[in-house]
Structure formats: C-alpha cells, structure tokens
2 protein chains.
Amino acid sequence: MTESLQIIGHLRSPFREKFLVPRQPGLIADLRSELHVASAFAREEFWRGLEGFSHLWLLWRFHLDARRGGAQRPTVRPPRLGGEERVGVFASRSGFRPNSLGLSVVALRGRRRDGDTLVLELGGADLVDGTPIVDVKPYLPWADALPEARGGFAPAAPEAALEVSFAEPARRALAARAESQPELEGLLRDLLALDPHPAWDRPFSSPQTQTRDESGTSRAYGARLFDFDLRWIRRDHCVEVLDLVPLTEDKR
Amino acid sequence: MTESLQIIGHLRSPFREKFLVPRQPGLIADLRSELHVASAFAREEFWRGLEGFSHLWLLWRFHLDARRGGAQRPTVRPPRLGGEERVGVFASRSGFRPNSLGLSVVALRGRRRDGDTLVLELGGADLVDGTPIVDVKPYLPWADALPEARGGFAPAAPEAALEVSFAEPARRALAARAESQPELEGLLRDLLALDPHPAWDRPFSSPQTQTRDESGTSRAYGARLFDFDLRWIRRDHCVEVLDLVPLTEDKR
C-alpha cells in the first residue's frame, strides 16, 4: 500500500483557481471541461466501450488543498453550514481530507485526438484547471444511483439564490466575446447565482473596498476564469459584475 | 503526487476470497460488513455528522488484484460480456486497473466502539475481507444519483438467474448454524443465484470433477466464506450446494 498514484491525465477547465468552482458537479449543465489523457494511457484500447456510457466517475487529487506535512484536522466547516459549524472530514466532501482524493460524476460528451493527445470531452465538472485525475470509471446507474438516499446536512442541491446583473464595462467585455464565447453571460450568471462566496470574505483589492450604506454591506470579489479576472460586487442577495479584466500571460 | 495512500481502515466481510463476492454493491440487501477504522482516525470527531447520511462511498484498494510490477494491460474481459469480449480498463470497474482503486456505495447501518476500535456497520458491500479503505465520503443523492444515466454494456443489474438447492450434508450444516446465523441459507441462495462462476472454471478439486452426462456439463466449485469452505455443483441453470466444510484456523 505504499506505491504512489499514477496520473491518468489532467482536467482542463475554465477555473484558474478554486473560487467560483461549483461545489458539486452537475450543478451547471453548460459547463464544459476536458480530460487530457496522459501518454501512457492514450491508446484507444484503454477506452474501448466507454462511448456506451453517458456518465463517468472521475477520481482525482485535490492538488491545491493537499496538506504537505502538517497534521490532518479531524473536522471541517462546510460552506453548506455557513462556514461556522464543524463536521467530521469523513462526513464531508471537503478536499482537506486524508489522501486528498476527490470523486465527481461528469457527463461524457465525446472523445477526440488532438495531435498525440487523447481528449475526453466532458460536461459538468467541478474541478480546477490542471487537476490530476487518478481514475476514470463508467457510471453504473443500477449500482450507483440511489435517488432515495438521505443526505444528512446537505439533503438537496444548493439553490441558485442570488440575482446577477452586469455593469457597463462587463457588458462591453461580454459583447466583445459574443462570437467566441456566446454562452459566457449565461455561465457567469449561473456561477454567481450559486453564491460561491466563502463565509470568510475575499476582496480582490484592499479591505477598504468593504463599505456599509443604508442597503447593507457591499463586498468586492475577484476570481480568475478562462483568460480573464472576473470582478464583481455582492450586496445582500444581489451580485453586480463589474468587469472582465484580461489576464497577463503569467497569471493564466 | 508521489505520496503514498493512508489506510483509513479495513473492511471486514464474510468473503475470504474474491470468488462469490457480488460484482457490485447493493445486489444483496442482507449482506453485512464492517469498517474497522484505523487508530489514527478513530476519534469520533472525524465522523461527526455522518449519522445523518443513509449511504456512504468507500474508496478502496483492490489489494488482491494489484499488479506489483508488470505492465498494465489496456483491456479486460468483464464477466458481463461472458469473459470473452475485451473492453478498455477505463470502461470497466475491474480491479486490474492503474492505481487499483475501487469505488462502492454502501448503506450506513450504525457506528459502535469495540474496545479501542471504532466500527462502522455497513450494508451491501462487495468487498473481500481485509480490503484496505482509503477514503469514506457521504453519498449526496442530488449530486451522485443519476438514475437516467446510460450504462453501456452493463445497462442493468445482473439478474439472479440460477436455481439453488441444498444436498443433505449442506442442510445439516445449515441446521447446526440456524441459531447463530439464521440468515445464512437465504444469503447463500442469493449469492449463488447471481451466477458468480467465472467464464474460466475453477473446480475445488481436480479437473476430473467435470463430467458430462445427458443433462449437460456439471462442474464442482468451492469458495471460502465466513468460517467454512462452501462447496457446490453447477449444472446448466441449477446450483446444488453440497456442503459447508469448516475451515481450519490457518485458512480463515
């Protein structure tokens, strides 16, 4: 049991960091991602018969959360409980867990060759770009689907609860991408409506961007997505997208 | 990505070897198993909140199938396809796969302390006794249950297709265990009806036990289960249990 894990491939997704990644797969149907298979497993034979399955399991490493050294904490604070209450790591899907293994079901949309690389085209992944994949298995509905299972402190999917609007600079940036990324506005709306904001806040500039007026607390956020830095403000149940600022090459 | 995996605990089940283990979990409702948690994770805190979930994912190592050295074969021959046709390892749930990782959903029946050991009481596991568990996660029905998924070459659960009867020595052995294991006859019936026989045969004595008469081919089998060696004969769609032979201590 001491051997290390082989990497089957790497996941390519729009998410350049954890912030904005949906907290489970399948919450946003239009999300596309790709598995770029490592050369050791790129022969078609390894994947023969997979095309008959509509969905796959990905087993992967939480490579950003993995604690290198340091003791394993027995509990985590899931966003679902407001980031305050603690539950055991084994009662959560948090990445701060022994072995840092993640599990996600994704839709299989296709398979193609990209030069020497074998690429699986996926739908619905909840993974950061570059996530190392350590196994791929077919989803077996008669064994894996238990719609009547009881889901503890997370009994139902989180609701898309926030209202999303776009400021003028954001509108212009979307218009400039209308041809290459026609689905972008809808995707941003879906991602932000899911309320990705952590209980501990994360302003993109200084803490002074937090202001309080009669309508409550405003807070500014930023996250890297595709090739831009998305910037927005949240106030109560409303999100206003301010701008999509192109990333310089070294930040992608 | 080179760190080795920590063992969260070991699965205790009636299966002393792979033969007779159901090919997916949940096929036999009455099957009981236990996760004996490793001392590093035996504090209650690690498991707080898990009791609210009806089902768990186990991630585990196929410790009996893991190839130590030797090249990874790109294809396997799933029992579902008669053991003849080959599919890619990533289109199968076979244990002969890179990283030897397994994935099973099990029912959570309870949790208890057994001296210093923390024990999770489970239902429906498809694992050999002693299987090392490398992660436990709650089952989230809204994310994990996709009853409409398309299941490729394994679109539905295997049917319990064989008729099971008991010879006199087997009846006597069951009668002697009627008090301690009242569910045993039903369990044996369920396990054997699922047709666990590999396409390549596996007689418990010599190949000469294979005989051919007017009713077809008979074949004798044996497998270790609980504290006995189960012996039976298969002919066409019928299984006759011959005997339950107690195992000597060193074979358990």
Side-chain angles (χ1 to χ4, degrees), chain A residues 1-8 24-27 41 43 45-55 57 59 61 63 74-75 86-93 97-99 101 103 105 132 134-157, chain B residues 1-8 24-27 41 43 45-55 57 59 61 63 74-75 86-93 97-99 101 103 105 132 134-157:
Chain A
M1 285 308 110
T2 54
E3 63 271 61
S4 57
L5 292 181
Q6 285 184 277
I7 305 299
I8 309 305
Q24 290 301 328
L27 292 176
F41 305 108
R43 278 160 60 194
E45 275 182 293
F46 279 101
W47 307 89
R48 187 195 299 167
L50 194 66
E51 60 280 356
F53 295 87
S54 62
H55 291 76
W57 288 112
L59 272 65
R61 285 328 264 284
H63 61 305
T75 59
R86 289 193 168 272
V87 304
V89 284
F90 297 120
S92 90
R93 300 279 277 251
R97 60 195 310 115
N99 298 324
L101 288 168
L103 174 67
V105 62
V134 296
D135 204 4
V136 177
K137 297 175 188 290
Y139 186 95
L140 303 177
W142 50 272
D144 299 329
L146 302 172
E148 305 302 324
R150 185 162 38 85
F153 63 84
Chain B
M1 284 310 111
T2 55
E3 64 271 61
S4 56
L5 293 180
Q6 285 183 277
I7 305 298
I8 309 304
Q24 291 300 327
L27 293 176
F41 306 109
R43 280 160 58 195
E45 274 182 294
F46 278 102
W47 306 91
R48 188 195 297 167
L50 194 66
E51 59 282 354
F53 294 87
S54 62
H55 291 76
W57 288 111
L59 272 65
R61 283 332 261 283
H63 62 305
T75 59
R86 288 192 169 274
V87 303
V89 284
F90 297 119
S92 89
R93 301 280 278 251
R97 63 194 310 115
N99 298 323
L101 288 168
L103 173 67
V105 61
V134 297
D135 203 3
V136 177
K137 297 176 188 290
Y139 186 96
L140 302 177
W142 50 272
D144 299 330
L146 301 173
E148 306 301 324
R150 185 162 38 86
F153 62 84

Practice task
Hey, can you tell me if F41(B) and F90(A) have their rings parallel, tilted or perpendicular (30° and 60° cut-offs)?
Solution key: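 Plane angle over 60°, so perpendicular.
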
Practice task
Specify whether W57(B) and W57(A) have parallel, tilted or perpendicular ring planes, treating 30° as the upper limit for parallel and 60° as the lower limit for perpendicular.
Solution key: perpendicular

Handout entry: Closest non-hydrogen atom pair, V87(B) against S92(B)
Key = CG2-CB, 4.1 Å

Practice task
Give the minimum heavy-atom separation between P138(A) and A91(B), together with the two atoms involved.
Solution key: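 For P138(A) and A91(B), the tightest heavy-atom pair comes out as CG-O, 3.4 Å.
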
Practice task
Heavy-atom distances under 4.5 Å only: say whether L59(B) touches chain A with side chain, backbone, both or neither.
Solution key: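 Only the side chain of L59(B) comes within 4.5 Å of chain A.
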
Problem - Engaged part of L103(B) at the chain A interface, taking heavy atoms whose separation is under 4.5 Å - result: both

Heavy atoms only, distances under 4.5 angstrom: which of [options] has the most pairs with chain B? Name it, please.
options: G49(A), G151(A), P155(A); value: G151(A)
options: E45(A), R86(A), E148(A), E51(A); value: E45(A)
options: N99(A), T75(A), I8(A); value: N99(A)
options: D144(A), L50(A), V105(A); value: D144(A)

Handout entry: salt bridge (Lys or Arg N to Asp or Glu O under 4.0 Å) partners of D135(B), counting only residues at least two apart
Key =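 So D135(B) forms a salt bridge (Lys or Arg N to Asp or Glu O under 4.0 Å) with R97(A), K137(B).
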
Problem - Interatomic distance, L5(A) atom CG to R61(A) atom CZ [nearest 0.5 angstrom] - result: 5.0 Å

Handout entry: Partner chain A: residue of G52(B), G88(B), G152(B), P74(B) with the largest heavy-atom pair count (under 4.5 Å)
Key = P74(B)

Practice task
Could you tell me which portion of V136(A) (side chain, backbone, both or neither) has an atom closer than 4.5 angstrom to a non-hydrogen atom of chain B?
Solution key: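 V136(A) touches chain B through backbone and side-chain heavy atoms alike.
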
